[in-house]
Amino acid sequence: MLYNTLEFALFYALVFALYWFVLQRSLRLQNFLLFVASYVFYGWWDWRFMGLLLLSSLTDFIAGRQISQTQDLGRRRMWLIFSLTVNLGMLMIFKYLGFFIDSFIAMARGFGYEMGDRTLSIILPIGISFYVFQSVSYSLDVFRRRLEPEKDLVNFLAFASFFPQLVAGPIERATNMLPQFKKVRVFKEDLFKEGIRLILWGLFKKVVVADNIGATMELIIRHHEVYRGSVLAMGVFFFACQLYCDFSGYSDMAQGTARLLGFDLMRNFNFPYFARDIMDFWRRWHISLTTWFRDYVFLPLSGGKMILTPWIQIRNTLITFTISGLWHGASWTFVIWGLLHGLYHIPYILFPKLRANAAHTRPPFTVAGTLRATFQTGLTLLLNFVALVFFMSKDLAYAVSYFSHMFSASLFREVNDFREQFWWLIGFMGLEWCIMFYKKHHPFQLFNWPPAVRWALYYAFLLIVLYYNYDRRAFLYFQF
């Protein structure tokens, strides 16, 4: 059930009507409706995997209660291990088992032991990486005494399966979301309008930008060997725009649909391609995942300390980003992508003065500050684009082939293909820069403009979305 389909529009309209006009006086019934609606939404993809979502939720609900009811550290650890085993065990079986078996067979063959091929036909449950991480963070926070366990099962099940952000995030924390399920929610016109604006902007990024450039990327990826190196380099830029608009578009729609129901989700993207160093990029890209790895992987490796020696920072950074790469997919290409981003951090850890100072380019602009910011942003984009070749490759052999064709004699030759798409994307990035410059979240926050102009802008974007809403592609991050 994609956000840009009639099925979702009808589903959401029914949920919205029941939520605000029938069950408004009962918080518990509203939460029960959200729980049921979330399982209908998830079961629409494949009803067989509803049991996994329920198993993950019940495991952490029980574990959280048990962890809080005892002061014995051993028993508390036992229940935490139970939670981690069930959740991460599901992730290992459904997402990584085939990868590890294939890797073991390849390693054995490397040592001269011939083993027969083993193929596992395991379907990857949609969104499993997202809801497992969200559920696990609850148990960890209860174990650390940062959160009181939820006593109401309906509230917890609704939180763990909240459909606006269930299958592709943002990965919310129980400390932010559970209190919202306990608080009486009142319909507010301002929140409703802002939710609609977020949905419209998210649909534009997904339908108009990401899906259209996706058709071009399919041509480049399938037939990369016939294109010039300059076209392949431009193709990496296309993929970067597709990935960003696809994922951030989903996040905007998740925020918007949640806001219509009276919930506030965290912001997941903050104009990452205008970051001025790789650390700044990861403070802006997939923020919910970045902060999750910071709090539950990087800091535990550091003993909970923020101030570390450079070499310990490097070690922990490499480990964290390698695991992050594996989170994105069961492939060595994702592992290398994550490792590269870890390696990119090393110069900034060893030489802190290399880190960007955003104040240099804030008004009033200076020539030196602007040139420096342009160079820093360009370098950050280049590093990202190199890593993205691995991210978009199906295997290492394809990545090597793509690099070899891209870094050929034709790299600096004139681009004859896809010029229109290139300049269209440059225009979109210019719009994004203006939104960032004026400290807005989307282009519809023009409250000082005349109403007629604002409504004309809304209708124009809506008509564009409806015109281009014919090639309905699944969101890229659904595969993770």
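The analysis underlying the following values was restricted to heavy atoms, covering all of them including side chains, and did not include hydrogens, waters or symmetry mates.
- Defined by atom type and a distance below 3.5 Å, a donor-acceptor pair is present between the side-chain atoms of N268 and S288.
- Residue R146 qualifies as open at atom CZ: its count of foreign heavy atoms under 6.0 Å is 12 or below.
- At least one side-chain heavy atom of F82 sits less than 4.5 Å from a side-chain heavy atom of T59.
- A donor-acceptor contact under 3.5 angstrom links the side chains of Y296 and D141, judged on distance only.
- Classification of D246 and K206 as a salt-bridged pair holds, one side-chain N sitting under 4.0 Å from a carboxylate O.
- Using a 4.5 Å cut-off on side-chain heavy atoms (C-beta onward), F271 and W285 make no contact.
- A side-chain donor from one of E432 and Y244 sits under 3.5 Å from a side-chain acceptor of the other.
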Quiz item: When you look at F281 and H341, which way does the side chain to side chain contact (heavy atoms under 4.5 Å, CB included) test go after all the steps?
Solution: CA-CA 10 Å; F281 172 82; H341 275 279; 4.2 Å; yes

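- The structure places CE of M266 at 9.0 Å from CD of Q255, a figure rounded to the nearest 0.5 Å.
- The number of heavy-atom neighbours closer than 6.0 Å to CH2 of W424, taken from other residues, nucleotides and ligands shown, is above 12.
- Around CZ of R222, the count of heavy atoms belonging to other residues, nucleotides or ligands within 6.0 Å does not exceed 12.
- Atom CZ of R419 sits in a crowded spot, with more than 12 heavy atoms from other residues, nucleotides or ligands closer than 6.0 Å.
- The one candidate from F385, W332, F403 that meets the ring-ring contact (aromatic ring centres under 6.0 Å, His included) condition with F390 is F403.
- When side chains are defined from C-beta on, P149 counts as touching Y138, because their heavy atoms get closer than 4.5 Å.
- Within 6.0 Å of the CD atom in E225, the count of heavy atoms belonging to other residues, nucleotides or ligands exceeds 12.
- Within a 6.0 Å sphere centred on CD of E148, heavy atoms belonging to other residues, nucleotides or ligands number 12 at most.
- A donor atom on one side chain and an acceptor atom on the other are not found under 3.5 Å apart for K394 and T333.
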